[in-house]
Amino acid sequence: MYNHLLPDKFVSTVFDITPENLKEMGFRGIITDLDNTLIEWDRADATEELAAWFKRMQDAGIRIVIASNNNEERVKRFAEPLSIPYISRARKPLGKGFYQALVRLKLKREEVAMVGDQLLTDVMGAKRQKLYTILVRPVAQSDGFVTRFNRFVERRVFNELKRKGIKTWEDL
Ligand SMILES: [Mg+2]
């Protein structure tokens with residue numbers, strides 16, 4: 001019953017995702033979450049390291065779009081200085097934001113991986129759209145209010161995965 005919540009891959013941070021390994025797996029683009037995937041949910045701007053990561057992706061021809069459930073003001077402030085297209089109020093796990101993201105990327109779903117930190121929004125939504133999913137460890141230990149409830153559910157899912165012997169971050 002947890003298949004729709006099981007990421008295809010676990011990584012510690014987005015910096016473990018490189019243009020080379022994306023291309024090896026046949027991907028030409030990524031849809032990425034923002035809060036606690038790229039930066040802390042309560043930090044406004046990209047770090048230098050992150051800006052360099054985006055540039056490396058773009059230089060290698062990997063297309064990127066940010067799909068965040070957060071508001072326009074927050075997502076725009078982060079994405080615009082980096083010239084990264086974005087979708088705010090994406091309403092993940094619902095389908096519309098993912099669909100818009102694919103349209104922005106101009107890629108087929110088999111060519112795109114979803115990167116996120118939450119099972120109930122990023123992973124579940126992307127799996128419903130038949131996208132490959134990469135789960136990162138949340139950048140910050142704290143979360144916004146809605147997310148705190150989702151984390152409670154996530155912990156139960158992780159315990160269940162562990163019980164079934166399915167590998168997660170602990171095995172990295
Ligand atoms: Mg997030």
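For ligands, and for the atoms within them, numbers begin at 1 and follow the listed sequence.
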Ignoring hydrogens, what is the shortest heavy-atom contact between [X] and [Y]? Give both atom names and the distance.
{"X": "Glu40", "Y": "Arg74", "value": "O-NH2, 3.3 Å"}
{"X": "Asp117", "Y": "Asp35", "value": "OD1-O, 3.2 Å"}
{"X": "Lys127", "Y": "Thr133", "value": "CG-CG2, 3.9 Å"}

Hey, can you pull the donor-acceptor pairs under 3.5 Å for the side chains in residues 85-92, sequence neighbours left out?
residue : atom : partner : partner atom : Å
Tyr86   : OH   : Glu72   : OE2          : 2.8
Ser88   : OG   : Glu72   : OE1          : 3.2
Lys92   : NZ   : Asp33   : OD1          : 2.8
Lys92   : NZ   : Ala67   : O            : 2.7
Lys92   : NZ   : Asp122  : OD1          : 2.8

**OP:** Inspect the contact between Glu20 and Arg56 and indicate whether a charged nitrogen and a carboxylate oxygen are less than 4.0 angstrom apart.
**Re:**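 So Arg56 pairs with Glu20 through a salt bridge.
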Original post:
If you leave out waters, which protein N, O or S atoms are less than 2.8 Å from the Mg ion (ligand 1)?
Top reply: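 Near the Mg ion (ligand 1), below 2.8 Å, one finds Asp33 OD2, Asp35 O, Asp117 OD1.
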Original post:
Is the Trp53 ring parallel, tilted or perpendicular to the Phe15 ring (thresholds 30°, 60°)?
Top reply: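 Taking Phe15 first and then Trp53, their aromatic rings stand perpendicular (interplane angle over 60°).
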